[in-house]
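See below for the structure under consideration.
Note that these values count all heavy atoms, side chains included, but never hydrogens, waters or copies made by symmetry.
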Amino acid sequence: MYRVALRLCGDPAEAEDVVQDAWIAAWRGRDGFRGEAKASTWLYRVVTNTALAHLRRRRVTVPLDGVPEPADDRPSPEAWALLGERAGAVHRAIATLEPTQRVPLVLRELEGLSYEEVAGVLEVSVPVLHKRLHRARAALLVRLGELR
(Lines give C-alpha, C1' and ligand atoms only; values in the text may rest on other atoms or scores of the structure.)
Protein backbone atom coordinates (compact mmCIF):
# COMPACT_ATOMS: atom_id res chain seq x y z
CA MET A 1 0.00 0.00 0.00
CA TYR A 2 2.85 2.35 0.84
CA ARG A 3 4.52 1.80 -2.53
CA VAL A 4 1.32 2.71 -4.39
CA ALA A 5 0.75 5.76 -2.20
CA LEU A 6 4.35 6.89 -2.66
CA ARG A 7 4.20 6.49 -6.42
CA LEU A 8 0.93 8.39 -6.64
CA CYS A 9 1.78 11.18 -4.16
CA GLY A 10 5.53 11.42 -4.60
CA ASP A 11 6.33 12.40 -1.02
CA PRO A 12 7.20 9.80 1.65
CA ALA A 13 5.50 11.72 4.46
CA GLU A 14 2.32 12.19 2.42
CA ALA A 15 2.41 8.53 1.40
CA GLU A 16 2.54 7.51 5.06
CA ASP A 17 -0.48 9.69 5.79
CA VAL A 18 -2.34 8.22 2.81
CA VAL A 19 -1.59 4.66 3.94
CA GLN A 20 -2.76 5.41 7.45
CA ASP A 21 -5.97 6.95 6.10
CA ALA A 22 -6.39 4.00 3.72
CA TRP A 23 -6.10 1.48 6.56
CA ILE A 24 -8.68 3.41 8.54
CA ALA A 25 -10.97 3.53 5.49
CA ALA A 26 -10.45 -0.20 4.90
CA TRP A 27 -11.27 -0.98 8.52
CA ARG A 28 -14.39 1.16 8.45
CA GLY A 29 -15.45 -0.26 5.09
CA ARG A 30 -14.62 -3.90 5.82
CA ASP A 31 -18.30 -4.82 5.77
CA GLY A 32 -18.45 -3.51 2.20
CA PHE A 33 -15.89 -6.08 1.05
CA ARG A 34 -18.03 -8.62 -0.76
CA GLY A 35 -15.29 -11.12 -1.53
CA GLU A 36 -15.93 -10.92 -5.29
CA ALA A 37 -12.29 -9.89 -5.80
CA LYS A 38 -9.10 -10.69 -3.95
CA ALA A 39 -8.54 -8.76 -0.74
CA SER A 40 -5.34 -7.29 -2.23
CA THR A 41 -7.30 -5.88 -5.18
CA TRP A 42 -9.78 -4.32 -2.77
CA LEU A 43 -6.92 -2.81 -0.71
CA TYR A 44 -5.33 -1.40 -3.90
CA ARG A 45 -8.67 0.26 -4.63
CA VAL A 46 -8.88 1.69 -1.11
CA VAL A 47 -5.33 3.12 -1.18
CA THR A 48 -5.79 4.41 -4.73
CA ASN A 49 -9.02 6.21 -3.81
CA THR A 50 -7.43 7.61 -0.67
CA ALA A 51 -4.36 8.83 -2.58
CA LEU A 52 -6.50 10.41 -5.30
CA ALA A 53 -8.63 12.18 -2.70
CA HIS A 54 -5.44 13.44 -1.08
CA LEU A 55 -4.12 14.68 -4.44
CA ARG A 56 -7.39 16.46 -5.20
CA ARG A 57 -7.17 18.28 -1.87
CA ARG A 58 -3.53 19.14 -2.47
CA ARG A 59 -3.90 20.17 -6.15
CA VAL A 60 -0.11 20.01 -6.62
CA THR A 61 1.90 17.30 -8.35
CA VAL A 62 5.20 16.46 -6.69
CA PRO A 63 7.97 14.71 -8.63
CA LEU A 64 8.88 11.23 -7.50
CA ASP A 65 12.49 11.14 -6.30
CA GLY A 66 13.08 7.61 -5.03
CA VAL A 67 15.85 5.62 -6.66
CA PRO A 68 16.68 2.29 -5.01
CA GLU A 69 20.16 1.61 -3.69
CA PRO A 70 22.35 -0.47 -6.00
CA ALA A 71 23.06 -4.09 -5.12
CA ASP A 72 26.50 -5.69 -5.41
CA ASP A 73 25.76 -7.18 -8.83
CA ARG A 74 24.57 -3.87 -10.28
CA PRO A 75 26.42 -1.70 -12.81
CA SER A 76 29.37 0.51 -11.92
CA PRO A 77 28.72 3.69 -9.92
CA GLU A 78 28.86 5.78 -13.10
CA ALA A 79 26.43 3.52 -14.93
CA TRP A 80 24.23 3.41 -11.85
CA ALA A 81 24.18 7.22 -11.70
CA LEU A 82 23.08 7.37 -15.34
CA LEU A 83 20.37 4.78 -14.67
CA GLY A 84 19.27 6.78 -11.63
CA GLU A 85 19.03 9.95 -13.71
CA ARG A 86 16.92 8.16 -16.31
CA ALA A 87 14.70 6.58 -13.65
CA GLY A 88 14.29 9.97 -12.00
CA ALA A 89 13.27 11.49 -15.33
CA VAL A 90 10.71 8.75 -15.87
CA HIS A 91 9.30 9.18 -12.35
CA ARG A 92 9.11 12.96 -12.78
CA ALA A 93 7.34 12.49 -16.11
CA ILE A 94 4.88 10.03 -14.54
CA ALA A 95 4.19 12.55 -11.77
CA THR A 96 3.06 15.10 -14.38
CA LEU A 97 0.40 12.79 -15.82
CA GLU A 98 -3.25 13.29 -14.97
CA PRO A 99 -4.45 10.91 -12.24
CA THR A 100 -6.62 9.04 -14.78
CA GLN A 101 -3.42 8.22 -16.65
CA ARG A 102 -0.99 7.97 -13.75
CA VAL A 103 -2.96 5.50 -11.62
CA PRO A 104 -3.37 2.72 -14.21
CA LEU A 105 0.24 3.19 -15.36
CA VAL A 106 1.58 2.91 -11.80
CA LEU A 107 -0.56 -0.11 -10.95
CA ARG A 108 0.21 -1.99 -14.17
CA GLU A 109 3.80 -1.06 -14.98
CA LEU A 110 5.32 -0.27 -11.59
CA GLU A 111 3.27 -2.48 -9.27
CA GLY A 112 2.97 -5.36 -11.75
CA LEU A 113 -0.76 -5.97 -11.37
CA SER A 114 -2.48 -7.87 -14.17
CA TYR A 115 -4.83 -6.06 -16.53
CA GLU A 116 -7.78 -7.73 -14.82
CA GLU A 117 -6.57 -6.67 -11.38
CA VAL A 118 -6.02 -3.06 -12.45
CA ALA A 119 -9.42 -2.99 -14.14
CA GLY A 120 -10.94 -4.30 -10.91
CA VAL A 121 -9.17 -1.67 -8.82
CA LEU A 122 -10.33 1.11 -11.14
CA GLU A 123 -13.76 -0.45 -11.62
CA VAL A 124 -13.54 -0.29 -15.41
CA SER A 125 -13.57 -2.93 -18.12
CA VAL A 126 -10.31 -4.33 -19.49
CA PRO A 127 -10.83 -2.64 -22.90
CA VAL A 128 -11.30 0.72 -21.16
CA LEU A 129 -8.14 0.05 -19.16
CA HIS A 130 -6.24 -0.70 -22.37
CA LYS A 131 -7.32 2.69 -23.78
CA ARG A 132 -6.28 4.50 -20.62
CA LEU A 133 -2.91 2.77 -20.59
CA HIS A 134 -2.36 3.56 -24.25
CA ARG A 135 -3.09 7.24 -23.62
CA ALA A 136 -0.89 7.22 -20.51
CA ARG A 137 2.03 5.66 -22.36
CA ALA A 138 1.65 8.11 -25.24
CA ALA A 139 1.53 11.07 -22.85
CA LEU A 140 4.55 9.68 -21.00
CA LEU A 141 6.53 9.49 -24.23
CA VAL A 142 5.64 13.09 -25.02
CA ARG A 143 6.69 14.20 -21.52
CA LEU A 144 9.97 12.29 -21.77
CA GLY A 145 10.64 13.87 -25.15
CA GLU A 146 10.11 17.31 -23.62
CA LEU A 147 12.71 16.57 -20.94
CA ARG A 148 15.48 16.03 -23.49
* To do: Tell me, yes or no, whether the heavy-atom count around E98 atom CD, taken from other residues, nucleotides or ligands under 6.0 Å, exceeds 12.
  => no

* Under 3.5 Å donor-acceptor, R7 side chain and V106 backbone -> no

* **Listed partners of K38 passing salt bridge (Lys or Arg N to Asp or Glu O under 4.0 Å), at least two apart** => E117

* **Pairwise side-chain contact, V124 with V118, heavy-atom cut-off 4.5 Å (strictly under)** => no

* Report yes if some heavy atom in the side chain of H54 is under 4.5 Å from a heavy atom in the side chain of N49; otherwise report no. => no

* Structure fact -> Closest non-hydrogen contact found for A22 with M1 is CB-CE, 3.5 Å

* Asked: Do the side chains of I24 and V46 join up, straight or via other hydrophobic residues, at under 4.5 Å, putting them in one cluster?
  -> no

* Structure fact -> Applying side chain to side chain contact (heavy atoms under 4.5 Å, CB included) to A39 and not counting sequence neighbours gives F33

* Structure fact -> What one should report as the nearest heavy-atom pair of V90 and L140 is O-CD1, 4.2 Å

* Structure fact -> The reported gap from CG in D11 to CG in L6 (rounded to nearest 0.5 angstrom) is 8.0 Å

* Asked: Got a sec, which pairs hit side-chain hydrogen bond (donor to acceptor under 3.5 Å, both in side chains) with one end in residues 16-30, sequence neighbours left out?
  -> none

* **Of all pairs that satisfy side-chain hydrogen bond (donor to acceptor under 3.5 Å, both in side chains), the ones with a partner from residues 132-141, not counting sequence neighbours** => E109-R137

* Considering non-hydrogen atoms only, spot the tightest contact between P99 and L52 and give its length. => CB-CD2, 3.5 Å

* **Verdict with reasoning, L55 to R102, per side-chain contact (heavy atoms from CB on, under 4.5 Å)** => CA-CA 12 Å; L55 289 172; R102 186 178 346 142; 3.3 Å; yes

* To do: Check whether any side-chain heavy atom of L129 sits under 4.5 Å from a side-chain heavy atom of L122, and report yes or no.
  => yes

* Should L110 and L141 be counted in the same cluster of Ile, Leu, Val, Met, Phe, Trp and Tyr side chains packed under 4.5 Å apart? -> no

* Taking all non-hydrogen atoms of both residues into account, name the closest pair between Q101 and A136 and its distance. => O-CB, 3.4 Å

* For R3, all residues meeting side-chain hydrogen bond (donor to acceptor under 3.5 Å, both in side chains), sequence neighbours excluded -> E111

* Asked: Is there a side-chain contact between V121 and R45, using heavy atoms and a 4.5 Å cut-off?
  -> yes

* Residue pair Y44 / V4: nearest heavy atoms and the distance that separates them -> CE2-CG2, 3.3 Å

* Asked: Which pair of non-hydrogen atoms, one from A51 and one from L8, has the smallest distance, and what is that distance?
  -> CB-CD1, 3.9 Å

* Output all residues satisfying ring-ring contact (aromatic ring centres under 6.0 Å, His included) with Y115, sequence neighbours left out; order by chain, then residue number. => H130

